[in-house]
Amino acid sequence: MAGYRDNLIAAMTVFLVVDTLAITARLYVRIRMLTRGFGLDDVVLLLTYIGFVMSCAMGFTSMRYGYAAPDERPYYNKAKATQFLFGNQLSLYIGAGLVKIAVALVLYRIASTKRLRWLLIGSMVVVTLWTIIMTLFASWPCARSGASNWAGSKTCTQVGYFRTVTNIFIDYFYALLPVFMLRKVQMNTRIKASVMLLLGLGAFASSATIAKLVIIVRLSTAKGAVADGLHYDLLLWADVELGMAIFAASAAALRPLLCKYVPAIWGRSTPTPNSHGASDAAAGPYRALGAGSEMGPVGGGARGDGRKENGGSDAEERISVV
């Protein structure tokens, strides 16, 4: 059991450090390198990160009171350990939904058509409902002794399957959508590939979700010490899943920083003077939300007031990436 405890501590510590660096770099890009770059997606992602920090704090506290401990000590308190474990789990469930909404808001920034925007808005509504319903199941009918237990009953097992499978589907939907959105953008192939990679990093986070699905399947028949070990593994992969998702969502905004310091790999952004005389170096394909910051289509002559110059064609199938 000491191995499970060490793994949980290591996973939370690693992702606290990695995500803190990634979030800091993202905020630096959005606040210092871009004009009006900070947006609603940054707010939601920052809330997700704060929730992850709180989740890890409750996880460490739970282990302080004896969760996953291989021995017995006078200061261990099973009731408190379970209480903080429950808080840790609920924070992870809520964070899993928030980080998906943050990714959807990033994609909304570059959506070039009303159809894509409505698709993303609809997906955010679905994710919000999914998060609320799954969190309620985890904290009420599928909670046993103060902790979530997807193997506690047949219904909860089925809900656990549904949550995990739909989680995988949502992750890959947001990871692959940039390929569709950028497929016709007129830009260097290497730069396009780098942008798609940054936007599609969420697919890696889904690997942890797949591992969770395997564990839930095994939990349906496991008993005793084997079941306890699988519960520890499930919590471990839940921490890894959210930690990777926050890193992936943060990294999606780091192209200006990578262009500045590693231009040979990530390409070089061409700064465009803005109305304040400053330089709006592009954050990959990102722009601030709002009509005043709309990007025109590549090769088109879109003006800031929404009209087109020189007979520019409709931006139905093109978006601007600088």
Side-chain angles (χ1 to χ4, degrees), residues 1-16 52 55-96 133-171 204-245:
M1 195 175 291
Y4 294 120
R5 186 184 179 93
D6 292 341
N7 290 340
L8 286 168
I9 293 173
M12 288 189 288
T13 302
V14 167
F15 280 107
L16 279 174
F52 181 64
S55 172
C56 290
M58 288 186 281
F60 286 130
T61 305
S62 177
M63 285 186 280
R64 172 69 176 77
Y65 283 116
Y67 178 71
D71 55 1
E72 291 291 336
R73 297 188 182 182
Y75 54 84
Y76 284 170
N77 186 316
K78 184 177 180 181
K80 287 187 176 181
T82 303
Q83 181 181 10
F84 281 103
L85 172 64
F86 189 45
N88 166 267
Q89 291 176 321
L90 291 188
S91 298
L92 291 173
Y93 296 143
I94 295 171
I133 294 171
M134 292 300 102
T135 301
L136 287 175
F137 263 97
S139 59
W140 185 22
C142 295
R144 186 181 66 181
S145 301
S148 301
N149 180 21
W150 297 116
S153 68
K154 183 177 180 180
T155 299
C156 291
T157 299
Q158 296 299 322
V159 172
Y161 291 157
F162 173 79
R163 181 187 185 277
T164 308
V165 171
T166 52
N167 196 3
I168 295 170
F169 174 80
I170 294 169
D171 284 344
F204 293 100
S206 191
S207 60
T209 313
I210 295 172
K212 286 170 56 183
L213 178 60
V214 174
I215 293 170
I216 292 175
V217 171
R218 293 179 60 193
L219 268 173
S220 61
T221 57
K223 299 183 182 299
V226 175
D228 289 340
L230 290 173
H231 275 109
Y232 298 142
D233 285 339
L234 190 61
L235 181 59
L236 171 66
W237 283 107
D239 288 325
V240 171
E241 175 191 21
L242 184 55
M244 289 178 66

Might you work through the side-chain contact (heavy atoms from CB on, under 4.5 Å) test for Thr82 and Tyr65, ending with a clear yes or no? CA-CA 9 Å; Thr82 303; Tyr65 283 116; over 6 Å; no

Take Phe84 and Arg64, measure what side-chain contact (heavy atoms from CB on, under 4.5 Å) needs, and give me the verdict at the end. CA-CA 10 Å; Phe84 281 103; Arg64 172 69 176 77; over 6 Å; no

After noting the C-alpha distance and the side-chain angles of Asn88 and Asp239, does the key distance pass the side-chain contact (heavy atoms from CB on, under 4.5 Å) rule? CA-CA 9 Å; Asn88 166 267; Asp239 288 325; 4.2 Å; yes

Given side-chain contact (heavy atoms from CB on, under 4.5 Å), test Tyr4 with Leu236 step by step and report yes or no. CA-CA 8 Å; Tyr4 294 120; Leu236 171 66; over 6 Å; no

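Here Thr135 contributes atom OG1 and Leu90 contributes atom CG; the two are 7.0 Å apart, rounded to the nearest 0.5 Å. With rounding to the nearest 0.5 Å, the separation of OG1 in Thr164 from CD1 in Ile216 is 3.0 Å. From Asp171, atom CG reaches atom CD of Glu241 across 6.5 Å, with rounding to the nearest 0.5 Å. The structure places CG of Leu235 at 11.5 Å from CG of Asn7, a figure rounded to the nearest 0.5 Å. The distance from atom CD1 of Ile9 to atom SG of Cys56, rounded to the nearest 0.5 Å, is 11.5 Å.
Closest of all the heavy-atom pairs between Val217 and Tyr161 is CA-OH, 3.6 Å. Ala96 and Leu242 get closest at one heavy-atom pair: N-CD1, 3.9 Å. In terms of heavy-atom proximity, Ala227 sits nearest to Leu219 at O-CD2, 3.7 Å. Across all non-hydrogen atoms, the minimal contact from Gly66 to Ala81 is N-CB, 4.5 Å.
A 4.5 Å side-chain heavy-atom check between Gln83 and Phe86 finds every atom pair outside the cut-off. Taking 4.5 Å as the limit, some side-chain heavy atom of Val226 sits within range of a side-chain heavy atom of Leu230. Side-chain contact between Asn167 and Met134: absent, with no pair of heavy atoms (C-beta onward) separated by less than 4.5 Å. Using a 4.5 Å heavy-atom threshold, the side chains of Phe15 and Phe52 count as touching. Taking 4.5 Å as the limit, some side-chain heavy atom of Gln89 sits within range of a side-chain heavy atom of Tyr93. Here the side chains of Val165 and Phe169 are not in contact, with every heavy-atom distance at 4.5 Å or above. With contacts defined as side-chain heavy-atom distances shorter than 4.5 Å, the pair Val214/Trp237 does not qualify.
Tyr232 does not carry Arg5 over the face of its six-membered ring by the limits of under 6.0 Å from the centre and within 45° of the normal.
For Ser91, the side-chain contact (heavy atoms from CB on, under 4.5 Å) criterion is met by Ser55, Met58, not counting sequence neighbours.
Checking side-chain atoms of Thr166 against main-chain N and O of Arg163 turns up a donor-acceptor pair under 3.5 Å.
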